[in-house]
Structure formats: C-alpha cells, structure tokens
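Reading through the structure tokens given below for one structure.
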Amino acid sequence: QVQLAESGGGLVQAGGSLRLSCTASEQTVSGYTVGWFRQAPGRERDFVAAVTGGKTYYSDSVKGRFTISRANARNTVYLQMNNLKPQDTSLYYCVAGSVEPYVDDADEYDHWGQGTQVTVSS
C-alpha cells in the first residue's frame, strides 16, 4: 500500500508563496500520476494539479500561479504556489494512481495523503 505524506502547508498573507511536498513510501509511485486536490469546509474536493510522465495539468483557477514538479529520485512531488489568494485556503491532499486520462477525477485515485492545511489571509 503506497503511503503519501504531505508537508509545507501553513498561514501566509495574500500574494505570498508556499511550497507543498508530497513524499511517497514506495518508488513505484514514479510510474503513477501524482496530483493535488483541495477541499474547503462545506465544499467539494477540487482538482488542483497533476503530473504524469512529462505532462502537467492544472485547474483554471491556479494556472499561471501554481507549478507542479516531481523529483523521482526522492519519490517526491512538489506544488509551488505563488500569488496566493484567500480563496486558495483549503486542506490540500496529495493523490497518486494509474488514472490517465482522468487526472482531474478524484474517484480515480487509489492513494491519498492525510492533507496539509493552507490558509491565506487577506
């Protein structure tokens, strides 16, 4: 069972930056799609970004502000978040699975982390 551990969340002012990290327990994750979803209280889980092979995917709400990347040697995927906005405040989850082409469908991912909280103050 692949385990995913997120880190890097915190409190930041609007316009600031954070970098989230997701480290997997197994190297097999390098063959998976790895991505991020977020969920605010009372709202559905929303797709944020994913990386698979050499391709990256982003939701329209974060395109141009967030960058997803992976370091396979470290079994780690990063989410660099710039120009953060209060509406980015959410619990961010790392996910992994063999999901192509449904990279933005939360139900397709088999492996989920516990989440890391990101709070952006205005």
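For the numbers below, each heavy atom of this structure counts, side chains included, while hydrogens, waters and symmetry mates do not.
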Short question: side chain of Glu6, backbone of Gln114 - any donor-acceptor pair under 3.5 Å? yes

Distance (rounded to the nearest 0.5 Å) between Arg19 CZ and Met81 CE: 11.5 Å

For residues Trp112 and Ala106, report the shortest heavy-atom separation together with the two atoms involved. CZ2-O, 3.5 Å

What pair of heavy atoms forms the shortest contact from Ala14 to Ser122, and how long is it? CB-CA, 4.4 Å

What's the spacing between Ser59 OG and Asp104 CG if we round to 0.5 Å? 9.5 Å

Indicate yes or no: at least one non-hydrogen side-chain atom of Arg38 is less than 4.5 angstrom from one of Ser61. yes

Stepwise, does the salt bridge (Lys or Arg N to Asp or Glu O under 4.0 Å) test hold for Arg45 with Asp105? CA-CA 10 Å; Arg45 288 175 301 187; Asp105 187 342; over 6 Å; no

Between the side chains of Thr119 and Thr89, is a donor N or O closer than 3.5 angstrom to an acceptor N or O? no

Could you report the tightest heavy-atom contact between Val34 and Ala96, atom names first, then the distance? CG2-CB, 4.2 Å

In terms of hydrophobic clustering (I, L, V, M, F, W, Y; side-chain heavy atoms under 4.5 Å; direct or indirect links), are Leu4 and Trp36 co-clustered? yes

NZ-CD distance between Lys55 and Glu100, expressed to the nearest 0.5 angstrom: 4.0 Å

Can you give me the closest heavy-atom contact between Tyr93 and Gly113, atom names plus distance? CD2-O, 3.5 Å

Under a 4.0 Å N-O cut-off, is there an ion pair linking Lys85 with Asp88? no

Which pairs with one or both residues in residues 38-78 pass ring-ring contact (aromatic ring centres under 6.0 Å, His included), sequence neighbours excluded? Phe37-Phe47

Checking the side chain of Thr33 only, and the main-chain atoms of Ser98 only, is there a donor and an acceptor separated by less than 3.5 Å? no

Quick check for you: to the nearest 0.5 Å, what is the distance between Cys22 atom SG and His111 atom NE2? 11.5 Å

Does the Thr116 side chain pair with the main chain of Gly9, one donor and one acceptor, at a distance under 3.5 Å? yes

Contact summary for Gly97 and Tyr32, nearest pair of heavy atoms: O-CB, 3.6 Å

Under the side chain to side chain donor-acceptor pair (under 3.5 Å) test, residues paired with Asn82 that sit two or more places apart: Ser17, Gln80

Answer yes or no: is there a donor N or O on one side and an acceptor on the other, between the side chain of Glu108 and the main chain of Val99, under 3.5 Å? no

What are the two closest non-hydrogen atoms of Ala49 and Leu79, and how far apart are they? CB-CD1, 4.1 Å

Same cluster or not: are Val77 and Val62 linked, directly or through other Ile, Leu, Val, Met, Phe, Trp or Tyr residues, by side-chain heavy atoms under 4.5 angstrom apart? yes

Given side chains that start at C-beta, do those of Leu20 and Val118 come closer than 4.5 Å, heavy atoms only? yes

So Arg70 and Thr76, do their side chains get closer than 4.5 Å, heavy atoms only? no

